[in-house]
Every structure is written in structure tokens, then in C-alpha cells.
Number of protein chains: 2
Amino acid sequence: MATIYEVSKLAGVSLATVSRVINDSNAVRKTTKDKVERAMKQLNYTPNSAAKSLASNRSDCIGVLVSELKSSFFTRMMGAIDTECRQFEKHIVVTSSENDALHEKEGIEFLISRNCDALILHVESLSDEYLIELSRGKVPVVILNRQIPQISDHCISLNNELGGYLATKTMLQYGHRDIVYIAGPEHKKDAMQRLAGHRRALMEANIPVEEARIFSGDYLQSGGQNGFKHFHKSGLNFSAVVCGNDEMATGVMATAREYGLSLPEDLSIIGFDNVLFSQYTYPRLTTIENPITDMGKMAARMIMENVYKKSLGTIRKSFEPVLVPRESVCHFDAQV
Amino acid sequence: MATIYEVSKLAGVSLATVSRVINDSNAVRKTTKDKVERAMKQLNYTPNSAAKSLASNRSDCIGVLVSELKSSFFTRMMGAIDTECRQFEKHIVVTSSENDALHEKEGIEFLISRNCDALILHVESLSDEYLIELSRGKVPVVILNRQIPQISDHCISLNNELGGYLATKTMLQYGHRDIVYIAGPEHKKDAMQRLAGHRRALMEANIPVEEARIFSGDYLQSGGQNGFKHFHKSGLNFSAVVCGNDEMATGVMATAREYGLSLPEDLSIIGFDNVLFSQYTYPRLTTIENPITDMGKMAARMIMENVYKKSLGTIRKSFEPVLVPRESVCHFDAQV
DNA sequence: TTGTAAGCGTTATCAG
DNA sequence: CTGATAACGCTTACAA
């Protein structure tokens, strides 16, 4: 590998000048710049990123921590981040925490020890306090999919409450009155916000909010299965089930069929997130779009702007979900 | 950030000694080791990875290039690689090429310029020649999901032919004789191997291989849709369709329903890969397992062994697919 | 077992 | 606009 030194010798200039043309900092006379560039090409020179990093105290790398790597949800997010970063020659170092606070902390330390210039975090278990503390530290942090008031300028978040509202509102508009809700885990903020939106929609429609019509699931397919069984056993009457996410919605689908219901005629189901497979279910799942790719993109842009001083257009920090109408919800009238 | 120099001063030893305890190389007397470790803890010291990298010419980072980031297939692979790497304090730098040769080449150069110690590649468009050339170069390479005879010791691959054989064999065992096949793109090796397996199964059953019963799809849902329509229009009789992958299988499912068939009674369908959503379809998709996580893990291990000289157990380089029986295939007799 | 000192390939601060 | 030269924080012969 050729070094900057060899380039400078071949071009007949000093190290400093070569460095300048590499980073096109300062003004360099066009002719010398050409000379240097020719030399670089001739030697097939590529800068050594470690040396660069050591000298400049910048790694041009952005750490991304996601709570789990296996879900397609996170993949979309990462893809968006990577695409955005590569446009500016930055790269991402990815790691995942298996969804518990200890691993999340470890992941963060790991990324920091890697000299990442900034961090994009999608964490669920870590406390607000820890994140507030972290964001006061040296490495810039963007927190995805979470709203922490004290550091809201570091946060990119989705209006989950509105999403929950929309989901239930949709059911109401389709004429459903007997609705049950399968919520995500109680310790997850987004789950509780989605549930709050559900409550608001009911109240707005003057339908009493009965706790017996709310089941606390786990955001996994099993949550939907258990939720459906729970409500079935309870003897409650219901024509529609609103789910905290798509995974649980598929669980409901599968279990409802086991119990002999046909979908969507006997039961309307709505999910949340619009994950990839929601369009592969049958009937295709009506759901609420979670604009995670846009959010990822904005996270990357925030860093480009704040850390690397690139100026891009405006940066959006709060996102609103919209309905994705498909076939898993149908009019109550159409049901027997 | 504390440096190794401050640690050495506090501990009253030389730089070299501190370095030794960090890398627990050579023997260091227990008492001095303790002294140094205490100093490190006290100063909250973490090594600067750029400096380490520059001095040692090692980055402790492994570049991973996948052809696309958005599919859940690749996520599983990456998750497995990451998990394995972190056990040895290595990390992965991920990037994606949008599935064309130019981007794949760029991605590789990008990773190399990042001083990755090794590369794990899942590429489809790049030629064998390029990869052979690359693997003769300086940075060690592992090629996932592809078999190149000249450099087979760099390759971790799946027996796709066997998978294709198993898929069709399954249909035969369920009594189907009128089978059509929707293949992946002709320029993809794995697609052609799977198809070859299909052919072998038919021949073994003394069923003539008719080219009219093979459709060339695109590995996407649309491939399944087009394939089904094609066969439907052709007037061919068929009770079973074997698909080159799961995405196309879902396309067939959706389109068959549009045409009024009920599944699986009117049509048996089998996929390939066992991607996440294949268990969310209805009926749940019978498919062939692609052990991509195990393959990813082995790729990581190969590097741990060859590059970082960790010795792990035996490393498996070739994998065999197995059937994942679910409900999308049923006995021909059961069909009307 | 420990210390000394010469790099590793850049960037950045001064002068000029 | 360009050139010396000192960092940057660590590894690694080589000595002791």
C-alpha cells in the first residue's frame, strides 16, 4: 500500500500539501493539485483510515445499536441509515443487544470504544436517565423511535399515540363497536402510547373503555395467540381486534382460524408497523405504517449535519403514522 | 480519555508492560499485572482502537457485504455473524450492494479501504474470476452461499441442488404428478442448481421434464404471480407448484386465490429458504430450510481461526437443506 | 520479566 | 499557497 509519503515524493511536494488535496481543505494551486492527483492515481494510493483516524480524532464511522437484528423492522432501518451514510463516505458499525438493559449498555460501550464519531441507538430497555446522561457525554447520540422530553432534540420519534388512535378509529369507521385490544409489553413506552391512542378513540366515540377488553401481550406472535384465546374464553363479544403490532396480529389470525373463524368476515384485525410480511398474510393485513426508513434516514442526516457539518435540508424529528388499508378489516355490516 | 502513557505512569511501569497486559501477550508477573490493571481501572482506561490499528496493522473489524439489507434473509445471516464476532471482541462493518456488480465491487473496495481484517461476502453479480482474483489478494475472504471450485476452501455453501430435489420429491411423495416449477433468475447460480434438483427428482420418478412446465421468475413475489398466470393461461394441468424461493411462493398463493382456488386443496405449493414470513402465510408455507444462520456463524469462525488464530472446533463448509413440513402441501388424493 | 525507542500513516500548527 | 515538524496512542523488536 502506498503511503502519503510516497505520493508526496513522486509529486515533488510536501506531506502537508498532499494531505490538503486529499481533504480538499485550504486552497491548493490547481497545477499542484493536478500533480498530486496524478501521483495518487499512479501509485493507486488509498488513505489509511486508521492513521487518519488517529491523527484527526475522527473515525468517519457511526455506531448503530439495534435491540435485535433478526426482525425485518430493524433491517429496513439499517438499510436506510447505511444508504444515507455512504453518500458521505461514512460507514456504519452495527451491533445488537438482545433487548435487555445490560446488553444495551455493553453495546454502547463497545461502539464508543470503537471510536465511533456518533451513535444511533434503538434501545428499549435502557432508562431515560441513562440516555440523558449519555447524551451529555462526548459522543453525539441520536435516539431513534423514542421520545425523551429532556433531550428531545436528540430524539427521532413516531407519534405512537396517534397510530393507536388511527387503528381503533379505523375499526369504528368500519362500524365495529365491540373491539378488543392486544397491547405490547407494559414496560415498552411505544406500546403504552399506542394503547393510549386506542383509549382516546373509544372515548371519542363514547364507548366505555373496559379493562377486560385489553390484553397485555408480548409483541410476538404468541402474544396474539394468547390474546385471542383469552378473549375467546372470557365470553366477551367482539367483532374486531386491534393489535399493538403486526406480529401479534398474525398470531390472532392463525388462532382465530384454529377456532373456526373465517377472516375477515368473522373477525376484523388490524396491526401496527407494516412490516414486510404483513402483505404476505391472508387476508393481507391492514395496518399502521411505521415510517422507520424515513426515521433512519433522518437520524443519519442529523449526524451528517451536526457532526460532519454537511448541510442538508431540514431535518424532521417527529413522524406521524398513517393507515395502510388492506383486506383484514371489513365492515361490521358485512359480518354475520 | 486516558492513554496508555498515563496508565504506565500511574502503575510505575513502562508503556510496553501496559501493552502486554492489555493484550496479555508474553508473560507478565502477576503482581505487576495487577498493578497495571488497577491503574487502568482507576483511570477508566480504554485503548484507542485507531492507534492500535495503526500500530498493529489490524483493525479487529470484519467487513460484511450483503447483496441487500432489506430482506430478512440477510438479517438472520448478519445477526449470526455479529454474535459470533462479538465473542472475540471483533466487530462487523456492514454494507450492502444493491445487487449489481458495480455496487458489489464498490462495496468491497469500501470495506478494504476501511482496513477490514477480513471480508465476508454474499454477492451474486460478481464473476467467479473476480472473486478468485480477490481471494488471492491480501485480505482474507470468505464467500457465503456460493461454491467456486477453484477456491472452494474460501466458500461456505448450501447444496441447492439437493434442496430443489427435496422440494419436488416432496410433491411426488404426496402423490402429485402434474408439477410445474417457477425458477429464480437464470443468471443466479443457486436458482439453476435448485432447478437441476427438480429435474433430477422428476427423472428419478420417470416423469418427463417438459420445458413448458418451467417458468423463469425473478425471486420476487411478482415472479410467483407471473408464473402462476403463465401456467394458468397455458392450459396445462397442474396440481402442484414448486417455487425457487419463498417470496415467489407467496406470489403464487395470492394469485391462485385471485383465480378462485382454495389452498392447499386445489393447489399444493412449496417454497425454498424458510424465511421468517413463511410461517405467517396461510396456509403456512411448506418449504426447504436454508441454514443461513449456521452458515453465517461458520463464516465468522473461519475468520476467527484463520485470521485471528483462535482455535475453534471443526468448521463446516457445506450445508445440506432439509424439508420444513407445514400446511401448504397436501396429498393429491385429497384434492378434487 | 521488563524497559527503550523506533515506527505505523495521517493531520495540524506554525512559519515562510 | 506551501513546507517542516510535532503530535496522535499504540505495538514490537531489541536490549537489558
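These numbers come from the heavy atoms of this one structure, side chains and all, not from hydrogens, waters or symmetry mates. These figures come from a predicted structure and were not determined experimentally. Here is the naming used below: chain letters follow the sequence lines, and residue numbers restart at 1 for every chain.
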If you compare every side-chain N and O of [X] against the phosphate oxygens of [N] (OP1, OP2), does one of them come in below 4.0 Å?
X: Asn23(A); N: dT11(C); value: yes
X: Thr17(B); N: dT2(C); value: no
X: Thr3(A); N: dG9(C); value: no

For [X] and [N], give me the distance from atom [atom1] to atom [atom2], rounded to whole Å.
X: Asn115(B); N: dC8(C); atom1: CG; atom2: P; answer: 15 Å
X: Asp60(A); N: dT11(C); atom1: CG; atom2: C1'; answer: 13 Å
X: Ile4(B); N: dA7(D); atom1: CD1; atom2: C1'; answer: 17 Å

Of all the nucleotides listed ([options]), which has the minimum atom distance to the side chain of [X]?
X: Arg20(A); options: dT10(C), dT13(C), dT2(C); value: dT13(C)
X: Arg29(B); options: dT2(C), dT13(C), dT10(C); value: dT2(C)
X: Ser56(A); options: dA12(C), dT2(C), dT2(D); value: dA12(C)

**Ionic contact status for Arg38(B) with Asp34(B), cut-off 4.0 Å** = no
**Request:** With Leu126(A) as reference, evaluate Ile108(A), Leu121(A), Leu65(A) under the side chain to side chain contact (heavy atoms under 4.5 Å, CB included) test and give the passing residue.
**Result:** Ile108(A)
**Prompt:** Within 45° of the six-membered ring axis of Tyr219(B) and under 6.0 Å from that ring's centre, is NZ or CZ of Lys188(B) located there?
**Reply:** no
**Message:** Need one value for Val18(B): base, sugar-phosphate or nothing, where a base atom within 4.0 Å counts as base even if backbone is also close, heavy atoms only.
**Reply:** nothing
**Complete:** Per the under-4.0 Å heavy-atom filter, residues of residues 34-55 of chain B near DNA chain D come out as Tyr45(B), Pro47(B), Asn48(B), Ala51(B), Lys52(B), Ala55(B)
